[in-house]
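First comes the structure, then the notes that go with it.
What you see is a predicted model; the values in this text were computed from it and never measured.
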Amino acid sequence: MEELNVKEVLEVDSSSIAKKICKPNGRLIGPKFGKDVKNIIAEAKAGNFEEIDENSVKIPHPDPLLRGEGE
């Protein structure tokens, strides 16, 4: 700290300065998911996704019955 003329070092939680985002590529996922691509992109933009591993995310289906909720 003396060599760099630094007076104080603060440790900050990375989640307070960074936000994870999900940006699905519609052209890439279109052939597999078809008409659901719009819903997938909307849910991803809303932040409704779960990170499975470094290269995969899980986005809930917009229909509550297909998500396993409801009757």
Single-linkage hydrophobic cluster Val6~Leu10, side-chain heavy atoms < 4.5 angstrom: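 No, separate clusters.
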Over all heavy atoms of both residues, which pair between [X] and [Y] is shortest? Give the atoms and the distance, please.
X: Val37; Y: Gly30; result: CG2-CA, 3.6 Å
X: Val57; Y: Phe49; result: CG1-CD1, 4.0 Å
X: Ala44; Y: Cys22; result: CB-O, 3.6 Å

Are any side-chain N or O atoms of Asp36 and backbone N or O atoms of Asn39, one a donor and one an acceptor, separated by less than 3.5 Å?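 Side chain of Asp36 to backbone of Asn39: no pair is present.
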Just how far is it from atom [atom1] of [X] to atom [atom2] of [Y], taken to the nearest 0.5 Å?
X: Asn48; Y: Glu50; atom1: CG; atom2: CD; answer: 11.5 Å
X: Lys45; Y: Lys23; atom1: NZ; atom2: NZ; answer: 8.5 Å
X: Phe33; Y: Leu28; atom1: CZ; atom2: CG; answer: 10.0 Å

